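Below is one structure, written out as structure tokens, with a few remarks after it.
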Amino acid sequence: MVSNGEILPDAQLNALRKNVGMVFQSFNLFPHLTVLENICVGPRMLHKTSKTDAHAQAIQLLGKVGLANKADAMPSSLSGGQKQRVAIARALAMQPAVMLFDEPTSALDPELVGEVLQVMKLIAQDGMTMIVVTHEMGFAREVADVVVVMDGGGIIEAGPPAQIFGAPQQARTKSFLQSVLSRS
């Protein structure tokens, strides 16, 4: 859909999708494929990347997310944080222009949240444009260029982290931040 409400033709929509990587809160790894195969499947099928090139890229991405030693592991043998890092590597393997993250740490044990956020920080430092839906306010404050606060399906406030966290304009933003930050 474009800003005027028109729906894009399928070909244009599919072309747009090829430039967007998505990481969901539920990992969505293929349980019957190894970690390496999970990362290679997209580039091989959609970009027609050779097996050798896809494997080389997957190994490089596994190193980037701190899982170089897990290439031959099955998803069932991984922790939640490791699964999420594989999901990030899989999305990056498609070489997207933009990465979307939907609550990437919500399904994780608290001890595993930090390892996923650290990988996301590295991706941001590499210059990747990311849209992140999160309740991890410390991460948002540290990494975001723009913070958007939503409530009831709409945007209630947007601005740089210093403004949103330091001097929020909306009462709903203030109450949300007070509630969330008082728990940390």
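This one's a predicted model, so the numbers in the text were calculated from it and none came from an experiment.
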Would you give the length of the straight line joining atom [atom1] of [X] to atom [atom2] of [Y], rounded to the nearest 0.5 angstrom?
X: L62; Y: I88; atom1: CG; atom2: CD1; value: 12.0 Å
X: R17; Y: L46; atom1: CZ; atom2: CG; value: 12.0 Å
X: M45; Y: C40; atom1: CE; atom2: SG; value: 13.0 Å
X: L177; Y: R141; atom1: CG; atom2: CZ; value: 8.0 Å
X: L67; Y: L78; atom1: CG; atom2: CG; value: 7.0 Å
X: K174; Y: S179; atom1: NZ; atom2: OG; value: 16.0 Å

Heavy-atom check, side chain of [X] versus side chain of [Y], under 4.5 Å:
X: M120; Y: V116; answer: yes
X: Q25; Y: P104; answer: no
X: K70; Y: V86; answer: no
X: M94; Y: K18; answer: no
X: L29; Y: V35; answer: no
X: M74; Y: T34; answer: yes
X: F101; Y: I131; answer: no
X: Q170; Y: F176; answer: no

Any donor-acceptor pair under 3.5 Å from [X] side chain to [Y] backbone:
X: N19; Y: P96; result: no
X: Q84; Y: S26; result: no
X: E157; Y: Q169; result: yes
X: R90; Y: A58; result: no

Group every Ile, Leu, Val, Met, Phe, Trp and Tyr by side-chain heavy-atom contacts under 4.5 Å, then state whether [X] and [Y] land in the same group.
X: L117; Y: L108; result: yes
X: M128; Y: M22; result: no
X: V20; Y: F24; result: yes
X: V119; Y: V113; result: yes
X: I164; Y: V180; result: yes

Over 12 foreign heavy atoms within 6.0 Å of [atom1], [X]:
X: H47; atom1: NE2; answer: yes
X: D72; atom1: CG; answer: no
X: K121; atom1: NZ; answer: yes

Over all atoms of both residues, closest heavy-atom pair of [X] and [Y]:
X: A158; Y: Q163; result: O-NE2, 4.0 Å
X: R172; Y: S175; result: O-OG, 3.1 Å
X: P161; Y: A140; result: CG-O, 4.2 Å
X: L112; Y: G80; result: CD1-N, 4.0 Å

Among residues at least two apart in sequence or on other chains, which ones pass side chain to side chain contact (heavy atoms under 4.5 Å, CB included) with A93? I39, P43, Q57, L61
Knowing that exactly one of T129, L92, V132 qualifies, which makes a side-chain contact (heavy atoms from CB on, under 4.5 Å) with M99? L92
Could you name each residue pair satisfying salt bridge (charged side-chain N to carboxylate O under 4.0 Å, His left out) that touches residues 48-63, not counting sequence neighbours? none
How far apart are the C-alpha atoms of I59 and L36, what are their side-chain angles, what is the distance that settles it, and do they pass the side chain to side chain contact (heavy atoms under 4.5 Å, CB included) test? CA-CA 7 Å; I59 295 296; L36 186 71; 3.8 Å; yes
Evaluate the side chain to side chain contact (heavy atoms under 4.5 Å, CB included) criterion for residues E115 and S79: first the C-alpha distance (whole Å), next the side-chain angles of each, then the deciding distance (0.1 Å), finally the verdict. CA-CA 11 Å; E115 63 190 33; S79 71; 4.2 Å; yes
